[in-house]
Structure formats: structure tokens, C-alpha cells
Chemist: 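Structure incoming, see below.
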Protein chains: 2
Amino acid sequence: MTSPVRPPARILLVDDHALVRRGVRLILDAEPDLEVVAEAGDGAEAVAAARRDAGLDLAVLDVAMPRMTGLQAARELARLRPGLRILMLTMYDNEEYFFEALRAGASGYVPKSVADRDLVEACRAALRDESFIYPGAETALIRSYLDRARSGAGLPERPVTEREEEILKLVAEGHTSKEIGDLLFISPKTVERHRANILQKLGLRDRLELTRYAIRVGLIEP
Amino acid sequence: MTSPVRPPARILLVDDHALVRRGVRLILDAEPDLEVVAEAGDGAEAVAAARRDAGLDLAVLDVAMPRMTGLQAARELARLRPGLRILMLTMYDNEEYFFEALRAGASGYVPKSVADRDLVEACRAALRDESFIYPGAETALIRSYLDRARSGAGLPERPVTEREEEILKLVAEGHTSKEIGDLLFISPKTVERHRANILQKLGLRDRLELTRYAIRVGLIEP
DNA sequence: TTGTACATCCGTGCCGGCACCCATGTGCGA
DNA sequence: TCGCACATGGGTGCCGGCACGGATGTACAA
């Protein structure tokens, strides 16, 4: 009978691409202290899995997923299981969602362009309740973070409201204000109002940037 | 001394995400008849790798990559190494690029949502010089393919010209006709002409759809 | 040589995006 | 109770996207 120092961490792996899940699972399962015990293909499945299994230690979440984005799923998971650590995986090295991820309850943020070693280290850091910032963007991120922390009061609060997200999605899908108004039974002017508020909140210039934003966070598919 | 029936196929693996490369490599290397002998992070690296190594049997290419898209890389590879089989990997189940991939010289087209078994089978099919169509979309794809083959003469020829692709990229990045005109030293009206031709050729409605198209094929990042 | 594809340019007109301005009602928390 | 955020609605005006119409020059292939 062997007596390991501690059992491996129980991990929930969430990504909409089965192939990526499989690959990441192989990477993580190769580590003696990490074990993928559940998989999910979207945010809703992830929440369901966390509801079933109270013994999860860590959730590794892709940012962009259909039905429920990784950010939304992170918020749900953090609410449902306050002890669960959350690591966000992202396609793009873009750091502007780092804070969005932190606000959503994530403790780490890892782009898919990193090496497998870095992912493993990020998992371990998250399990030790340390924030993991991927190497390379570290300086820029920390500088930006410190800037904001110094100037304002902590993280900027700018999540869009539910109604705004609804309209954000429709705008990003290419619908006109009139079409959206007809869909939601409101005036096209109200849609324009919402759209302007969204652009202002997210610091975007026009529909086109809004569309790219929606794609980045997985709200819509390209 | 063992004497295997034949040596494993030599595979070039191309994806801009190191994590995905690592995972896919683990999947393929687990098969006795498949071996990843080279990796590349974008199309340019892939072409360089194929130039160095004349003994490659198969290239597994992600569609969306920075600098040179998977489709462009496939064209280059097919020109450089006519014997090399090419398998396209794509993020989106969308089948409208299947023909684009075929024209670019690919013999298979696999979405990342498939299971690892399917990827392995697709590699083997490509190595046997058979076309692989992923399960599920098979019927719709074949039906569409047969429709086109029956009605017209083979595959529809509709690649955009180099100039058009240049403008396509700039339009998708959100530049106005005037900005693009200033950049390329041409009249904004000419830019609009090109844009209209592009929309018509690709069957798109407006800038927004054009942007999503450019993101899907990796011409720009969201 | 003649046609065809490509790139270049122009005018006209409509419609929608977007930036400003404004106001009202509702609900919630200080 | 008083503000504040949120959702709702309106007006005005500019500019750019996009659909039409037209044109020229050049290069290359049938």
C-alpha cells in the first residue's frame, strides 16, 4: 500500500472542442498531482457537473463557448461552489479580459498559446490560491493592474446589464436596430440607446468592434 | 530486431496554440502508425518545415492562424510537395469552407469538436488518399457537393484576388473606405468597388458578415 | 486580334449607424 | 425621501455603407 502525501486535485475540464479537451486531459492526467474527473462541453454542462460533484478542486474553463460563455459560467460556479478554484483558458493573448475574468471569480488566466508546462503550473498556482499570470504579459498586465488600482478604487465595474447583453448579442449578429426592436417589442430608438450605452461601457467604437468583442468572449460564433 | 510492416507516417502538425499542438501530438503519437515529426505555429513556419523535410507524409493544419491562414498554407504546401497529404482542422463545424479547403489541396476536413478517434481515422484516411468527411455533416456535405457537381461544372471557382484579399482584411479590421484608400493610395470609390466585388464573390451581405468570414479563416483576429 | 479578368475611377440615392440633445417611469438602496 | 441605475422613448444631423448605373487601361490567353 502506497501512501501518497495527498490525493490528486480533482479537476473539471470545460471546452467546447472535444479534441482540445482530450489533449488538455492528456496533459493534466500525466501529472501525479492532477486528475481530470469531469468534462463539460459548455457552461451549462459545467454548472451541472459542479452541482453533481461537490468534491471538485479546480475548474479549467475555456472563455469562448456556446450557450453560456466561460465568464458567465465562472460567475455561476463561483456562486455555486465558493471554494472551487477557477482557471480561465483563452484563445487570444489579449489581456483586456483578465480583469473581467478576475471579477467573474477566476484566479488564473492562461492563453492557449502557452506551453503545457505553463498550464500545469497555472493549475498548481490556482490550487495554492495564488493568482497565476502567464509569463510574458506579466509585466504589462501587472503594470496596467497597478495603474488602475492606484488611480481608481480597485477594478473598474463595468459589466453590461442583462438587457444590454441581450441587445449586444443581436447587434453583433448583424441585426439592424429596427429588426431588434421588432424582436424585443421596443422602439428602435431604445435599441440605439442601449447600443450606445454598451459601446460606452465596453470602450468600443462601433458595431464592428462590438462584434469582435462578442466573438472573443464566445457570446456569438463568427 | 522487430520488423514492423511499415514505419509510422511522418506528420507535420500546425496550429498557433502550443497547448492544442501538444494535446493533438499526444493523441497522434499514441498511435503506432502515426508520428508527429515536426510542429509549426503558423503557415509560414509550416512551409519552411516542409521545405526542410522532404519525407513528410501528412500535414495537419489549423484553418485559422496568424500571418498565413491554413488555406493559404495548404495551397503553398500542395504546390511545394505535391505528394504531401493535407488535413484541415477547424474550430467551427461550418461546412461552407469544405470546398475552399478542397480547392486549396486538402484531402480532409475535421472540426475540433470531433472525438480523438475521428481525428486518428481522418489521418489514416488521408494517408490512404481517401477523402475524409466527418461523421454527422457527411450527408449535408455530400448532398451539397453533389448538388454543385450536378448543376455546375465541378467546384465553384471563387477565390478572391490578392488585391481583394488585401482590402478584405482592411475592411474586416474596421477601416473606412477613405482610410483604406489613403493607405493603398487609391480612391475610396475603388475600395468600395472592391468591397462590393468581394461581398458578391463570397456571398456575404455586409462588412459585418465579411468580418466574421475573415475571423473564421484566420485572416484577422477578433 | 479579340475577349476576359483585373484594377482603377466616377455619380446618384437610400438607409442605417452613431453622436449629440432631450424626457419619463420604475424600483432599489442610502 | 431623495437620488441613482435601468429601461424606455423621441429629435436632429452627419457620415459612411451599399446598391445601382457608368467608364478606362492593362495584361494575358484563346
Side-chain angles (χ1 to χ4, degrees), chain A residues 72 75 103 152-215 219-220 222, chain B residues 72 75 103 152-215 219-220 222:
Chain A
Q72 295 167 331
R75 278 187 275 268
R103 268 203 304 278
L155 299 177
E157 289 281 346
R158 52 154 211 194
V160 295
T161 67
E162 280 185 35
R163 189 57 156 177
E164 282 168 350
E165 186 165 295
E166 195 176 4
I167 279 148
L168 157 50
K169 216 167 153 176
L170 291 166
V171 171
E173 278 169 353
H175 300 287
T176 66
S177 297
K178 178 164 188 326
E179 287 170 357
I180 298 172
D182 289 346
L183 270 172
L184 304 182
F185 303 107
I186 57 179
S187 155
K189 284 307 271 185
T190 305
V191 176
E192 289 184 23
R193 231 294 153 253
H194 282 303
R195 189 183 54 207
N197 288 338
I198 295 166
L199 292 179
Q200 205 262 319
K201 276 188 185 179
L202 299 179
L204 308 172
R205 276 202 310 270
D206 50 29
R207 289 155 67 229
L208 232 146
E209 284 197 355
L210 199 153
T211 298
R212 292 203 292 253
Y213 172 89
I215 290 172
L219 262 181
I220 63 165
Chain B
Q72 294 167 333
R75 277 188 276 269
R103 268 203 304 279
L155 299 176
E157 289 282 345
R158 54 154 208 194
V160 296
T161 67
E162 281 186 34
R163 190 56 155 178
E164 282 168 350
E165 186 165 297
E166 196 177 3
I167 279 148
L168 158 49
K169 215 168 154 175
L170 291 166
V171 171
E173 278 169 352
H175 300 286
T176 65
S177 298
K178 178 162 186 329
E179 287 170 356
I180 298 172
D182 289 346
L183 271 173
L184 303 182
F185 303 107
I186 57 179
S187 155
K189 282 309 264 185
T190 304
V191 176
E192 288 183 23
R193 229 306 159 240
H194 283 304
R195 190 184 53 207
N197 288 339
I198 294 166
L199 292 179
Q200 205 263 318
K201 276 189 186 181
L202 299 179
L204 307 172
R205 275 203 312 267
D206 49 29
R207 289 156 66 230
L208 232 145
E209 285 197 354
L210 199 153
T211 298
R212 292 204 291 253
Y213 173 88
I215 290 172
L219 262 181
I220 63 165

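For the numbers below, each heavy atom of this structure counts, side chains included, while hydrogens, waters and symmetry mates do not. Order of the sequence lines sets the chain letters (A, B, ...), proteins ahead of strands, with each chain counted from 1.
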Chemist: Expressed in angstrom and rounded to an integer, what is the separation of B:I167 atom CD1 from C:dC6 atom C1'?
Modeler: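 After rounding, the gap between these two atoms is 12 Å.
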
Chemist: When you measure from the side chain of A:E164, which nucleotide among D:dG10, C:dA7, D:dA7 comes out closest?
Modeler: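 The answer is D:dA7.
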
Chemist: Any salt bridge (charged side-chain N to carboxylate O under 4.0 Å, His left out) involving residues 202-214 of chain A? Give me the pairs, sequence neighbours left out, ordered by first then second residue.
Modeler: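 Of all non-adjacent pairs touching residues 202-214 of chain A, those that pass salt bridge (charged side-chain N to carboxylate O under 4.0 Å, His left out) are A:R205-A:E209.
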
Chemist: Side-chain N or O of B:T190 versus OP1/OP2 of C:dA7: is the shortest distance under 4.0 Å?
Modeler: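 No, no such contact exists.
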
Chemist: Summarise protein proximity over nucleotides 13-30 of chain C in one line of letters, 5' to 3': B for base, S for sugar-phosphate only, - for none, counting protein heavy atoms closer than 4.0 Å.
Modeler: ----SBB-BB--------

Chemist: Which whole-number value in Å describes the distance from A:L184 CG to D:dG9 C1'?
Modeler: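 Those two atoms, CG and C1', are 15 Å apart.
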
Chemist: Just how far, in rounded Å, is C1' of C:dC9 from CZ of B:F185?
Modeler: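 Interatomic distance, CZ of B:F185 to C1' of C:dC9: 18 Å.
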
Chemist: Show every donor-acceptor pair shorter than 3.5 Å between a side-chain atom in residues 164-171 of chain B and any protein atom, with sequence neighbours excluded, or say none if there are none.
Modeler:
{"residue": "B:E164", "atom": "OE1", "partner": "B:T161", "partner atom": "N", "Å": "2.9"}
{"residue": "B:E164", "atom": "OE1", "partner": "B:T161", "partner atom": "OG1", "Å": "3.4"}
{"residue": "B:E164", "atom": "OE1", "partner": "B:K201", "partner atom": "NZ", "Å": "2.9"}
{"residue": "B:E165", "atom": "OE2", "partner": "B:Q72", "partner atom": "NE2", "Å": "2.4"}
{"residue": "B:E166", "atom": "OE1", "partner": "B:R163", "partner atom": "NH1", "Å": "3.0"}

Chemist: Under the side-chain hydrogen bond (donor to acceptor under 3.5 Å, both in side chains) rule, collect the residues that match up with A:E192, sequence neighbours excluded.
Modeler: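 Counting only residues at least two positions away or on another chain, A:E192 forms no side-chain hydrogen bond (donor to acceptor under 3.5 Å, both in side chains).
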
Chemist: Can you give the donor-acceptor pairs under 3.5 Å from side chains of residues 180-188 of chain A to other protein atoms, not counting sequence neighbours?
Modeler:
{"residue": "A:D182", "atom": "OD2", "partner": "A:K178", "partner atom": "NZ", "Å": "2.9"}
{"residue": "A:S187", "atom": "OG", "partner": "A:K189", "partner atom": "N", "Å": "2.9"}

Chemist: Kindly give the heavy-atom pair with the smallest separation between A:A172 and A:L210, and that separation in Å.
Modeler: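 It is CB-CD2, 4.0 Å.
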
Chemist: Just how far, in rounded Å, is P of D:dC6 from CD of A:E166?
Modeler: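 Rounded to the whole Å, the gap is 16 Å.
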
Chemist: Without decimals, in angstroms, what is the distance between A:L168 CG and D:dA7 C1'?
Modeler: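 From A:L168 CG to D:dA7 C1': 16 Å.
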
Chemist: Mind calculating the distance between CD (B:E162) and P (D:dA27) to the nearest angstrom?
Modeler: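 My rounded result for the distance is 16 Å.
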
Chemist: Among C:dC6, C:dT8, D:dA7, find the nucleotide with the atom closest to the side chain of B:T161.
Modeler: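 Comparing C:dC6, C:dT8, D:dA7 against the side chain of B:T161, the answer is C:dC6.
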
Chemist: Between P on C:dC9 and CG on B:N197, what's the gap in Å once rounded to a whole number?
Modeler: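 Rounded to the whole Å, the gap is 14 Å.
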
Chemist: With sequence neighbours left out, write down each residue that passes side-chain hydrogen bond (donor to acceptor under 3.5 Å, both in side chains) with A:S177, or none if nothing qualifies.
Modeler: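 A:R195.
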
Chemist: Rounding to 10 degrees, work out the angle separating the end axes of the helix from C:dT1-D:dA30 to C:dA30-D:dT1 (five pairs an end).
Modeler: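 Helix axis angle between the two ends: 30°.
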
Chemist: OH/A:Y213 to CG/A:L204 distance, rounded to the nearest 0.5 angstrom?
Modeler: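 The distance works out to 7.5 Å.
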
Chemist: Nearest heavy-atom pair of B:L208 and A:G174: which atoms, and what distance?
Modeler: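 In terms of heavy atoms, the two residues are closest at CD1-CA, 4.1 Å.
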
